[in-house]
Amino acid sequence: MNENVFIENLLIYAVIPLIKIVVIVLVLSGAIAYLTLLERKLIAHIQVRLGPMRVGWHGLLQPIADGLKFLLKEDIVPAKADALIFTIAPAISLIPAFLVFAVVPFGPPDMLQDFLGWTLGWFPFLNLDEATTERIAQNAIASGGYVTDINIAVLFVLSVSSVGILGIILGGWASNSKYPLLGALRSTAQMVSYEVALGFAIIGVLLVAGSLSLVEIVQNQQQEQLWYIFVQPLAFVLFFICGLAETNRLPFDLPEAETELVGGFHTEYSGFRFSLFFLAEYANMIAVSAIGVVLFWGGWLRPFPSFEWLNFLNFIPGVVWFLGKVFLFLYVFIWVRGTLPRFRFDQLMQYGWKIFLPVAMANVIVTAGVILAFL
Amino acid sequence: MKAMEESTVLDAKVLELNMGPQHPSTHGVLRVKLKLDGERVVDAECIIGYLHRGVEKISENRSYIECVPYYDRTDYIAAVSNVYGFLLGVEAMMQIEVPKRAQYIRIMMTEFSRIASHLLWLATHAIDIGAMTVFLYCFREREEILKLFEALFGARLTTHAFRVGGLWKDLPPGFVEAARKFIDEFPERVDEYEQLLTKNRIWMARTQGIGVISGKEAIEWGLTGPVLRGSGVRHDVRKDRPYGGYEEFDFDVPVGENGDTYDRYLVRLEEMHQSRRIIQQVLDRLPDGPVRGKAPKIVKPPVGEYYSGIDGPRGELGYYIVSDGSAHPFRVRIRPPTFISLQVLRRLVKGHLMADVIAIIGTLDIVLGEVDR
Amino acid sequence: MIDFLKRIFLVDILKGMALTFRYTYRKVYTEQYPLEKPKLAERYRGAPRLNNDPVTGETLCIACDLCAEICPEDLIVVGSQRDPESRKKVLTHYTFDTSRCLFCGLCQEVCPTNAIELTQDFELAAYDRRSMVWDRKRLEKGWDRIDFGKDYHK
Ligand code: SF4
Ligand code: SF4
């Protein structure tokens, strides 16, 4: 009996989460690789050209070729660079980008219930009886569509993602070169200022949801039968704009503006280390999209949960809805890049501090007032 | 912390930054030595000459006919107008009559080359400021013009467009229709660029009030072309000293008001429309006849000096030809418009931010092949 | 007022976005170069060719040296010999340095017999400079373009 409890706990708290982590990391890496292809293709079609066409059918194997190229390239550390910091900076920037996904709910808490109940039977050596299997499958930690559900998830996301900036700063500084240094300085200022506005934009949602747990935020949207974008449209717009700035995307890609700073903070990087920065940027893009979907677009919920006549949509699992929405976000990210010019540095700061921040604060105050007065 | 000890970057008050000659936005091999205080430009110094090939000197060792292909390669973006300016000078010295049809076709092609050049300018200017889609849209239209060049001249970029006394060959079949098709579609395309840029708040923020120069000062610096017209001075060689038959056509000279990057942008867009108007008129009134006048086999202008200035896409493009009566020019001096407008860069960028340097280099529309020659 | 509202609702930016969206699903302009060969204009001035008389197969060149004379780069070398019987100049050798050519077309313009001609071949890259100097044999044959074919890049 004791042994059974041990195995049960081991499965719930260690083995199954570990498997989930591995799956998420693998899927995410693949997603990033193909996101680069999507970006190149989409931008190409916006610009009436074709994009990659040669490697595989319509360039489908291009990400793999690119990855190989990065791996095989010579890894140069400039003579004057601080070798240690120069080498670890890309990792510092990449790891937090992946860490965020620990708390992102891809699906509802009972997403894997049936799946677990079904697969656990395949491992006879575990000697699980039916009740234990049932209990494992019922356990939200094991069967949820996420790695973990912590009650301060939003704070976790914000703090972890600010660590990523450190990688950029260190990378730019350790290169000991002027263009990267300027890029690093820009990114410091930019991310610090936009993080504030981003935080305030999120607070609006938190006030409505009354929770910091991403899972609960989605569940609340389910209960209220309403996505928060309809409650907090302004916060969403702010979130999206600040998200663009946080991920260094056009029109806010100043830290790496290649026509001004050549490559910004990664000017001196080449080969594999450069690819880590590159991956981090795209992982951040996916992370911001995922958080945006959870906070504003009802996470794994189908569109218009309150409309009964749309119930036939329920056969599509939540995770598909979630991924579909993330895809839409990414599409818009890329589409914006294909349309807009780039801000200048001082304008970016002005927008951040003089427009986005006050508006976000006003949004918080109004939301709080409305909640106090009417609810 | 090795990097920290060695780093003089952080404690230096003024950061000296080398922009170019290998920099994506210096339009070739311009090198600008910037002195930065943070991101603000304290001083800038242009270092040129990386593309110097000695075209003027080469000309002294070639016959008048042989020089012409080299002028394609000074301002390679608008090769047609370069050749045009030189040939007008040679023809005037020798009093060669150019047939009407050739004159008209020359004007049409020069205006096409102005459009192509402005398209390339818009493309690079836009991508410097981050709008990369405009870049490819402009290149698409430019490609159509290059196809016309290819059909008529036999080359796309270094066209060797005209010959002494007229053209190499008459228009190929189907050319007029293709040209008409292009100019019919063109305004729509310009509207698309405008939709992406003109009213876009980011574009306006990046260009308005950047690199302001007053009309008076622009004249003092010797600026010509769109850079001068952007400051409100209505100066256009085509109107002031008409050449090659321009007086027969009807067009306006657009001018700006504030003399900033945004106004220069608007002026150039409007110039494309005006060029289109001229092409339209040429196509409507194209006379029949030969395309090559009576020119001697060996071109030997009489002893003397002649200045022929035309309005190239970048400003007044002048050729000062000195002849000693032989088949080789004694001296050819080219007045390159962008060499002169590049001088003003230092004055324009002072006090602006680093990102503006790129916008200002873009708005001056320099071609290093012409600056360095 | 309307301007202000337009600013708040990002009308300028949305208009641009609409334009790029429309383009996303339009026909592309790309020409896939090595797979599709571009159709060049008839007048295109590319690789040189020394033409032979299509009937007799003899060279059209009369070794008048005009092309070498006009060439701004002086890259054409015409070698000739006087035939002792007919007292005519006969071409012995002819070289053309494609690496220095301006492709200005002056040589083909002055040629009285249309012997030297610039053709529509434009793939002139070579692995070393020496092979860019074409001799008479190569000029008469024209450029033997390697046709990569459709499968080469798959
Ligand atoms: S094309 Fe011009 S440069 Fe080339 S060989 Fe003929 S004349 Fe000389
Ligand atoms: S001009 Fe023509 S005929 Fe005369 S040498 Fe040259 S190729 Fe031969």
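Proteins get letters first, then strands, A, B, ... in listed order; numbering begins at 1 in each. Below, each value reflects all heavy atoms present in this structure, side chains not excepted, and no hydrogens, waters or symmetry copies.
- For A/Tyr351, the part lying under 4.5 angstrom from a heavy atom of chain B is the side chain only.
- When heavy atoms are compared at a cutoff of 4.5 Å, B/Arg206 approaches chain A by way of both its backbone and its side chain.
- For the set B/Leu36, B/Val134, B/Leu197, B/Leu136, the entry with the most heavy-atom pairs within less than 4.5 Å of chain A is B/Leu136.
- Within the 4.5 angstrom heavy-atom criterion, no atom of A/Leu84 approaches chain B.
- Annotation for B/Thr133 and A/Thr339: closest pair OG1-N, 4.2 Å, computed over non-hydrogen atoms.
- A heavy-atom distance below 4.5 Å is found between the side chains of B/Ile210 and A/Arg344.
- Put simply, the side chain of A/Arg49 does not reach to within 4.5 Å of the side chain of B/Phe139, judged on heavy atoms.
- In this structure, B/Leu17 and A/Tyr179 approach most closely via the heavy-atom pair CD2-CE2, 3.7 Å.
- Taken from CE in B/Met19 to NZ in A/Lys178, the straight-line distance is 13.5 Å, to the nearest 0.5 Å.
- Separation of atoms CD1 (A/Ile46) and CE (B/Met132) is listed at 8.0 Å; rounding is to 0.5 Å.
- Heavy-atom contacts from other residues, nucleotides or ligands closer than 6.0 Å to CZ of B/Phe135 number more than 12.
- A 6.0 Å sphere centred on CD of B/Glu257 holds no more than 12 heavy atoms belonging to other residues, nucleotides or ligands.
- More than 12 non-hydrogen atoms from other residues, nucleotides or ligands lie less than 6.0 angstrom from CD of B/Glu177.
- Within a 6.0 Å sphere centred on NZ of B/Lys199, other residues, nucleotides and ligands contribute 12 heavy atoms or fewer.
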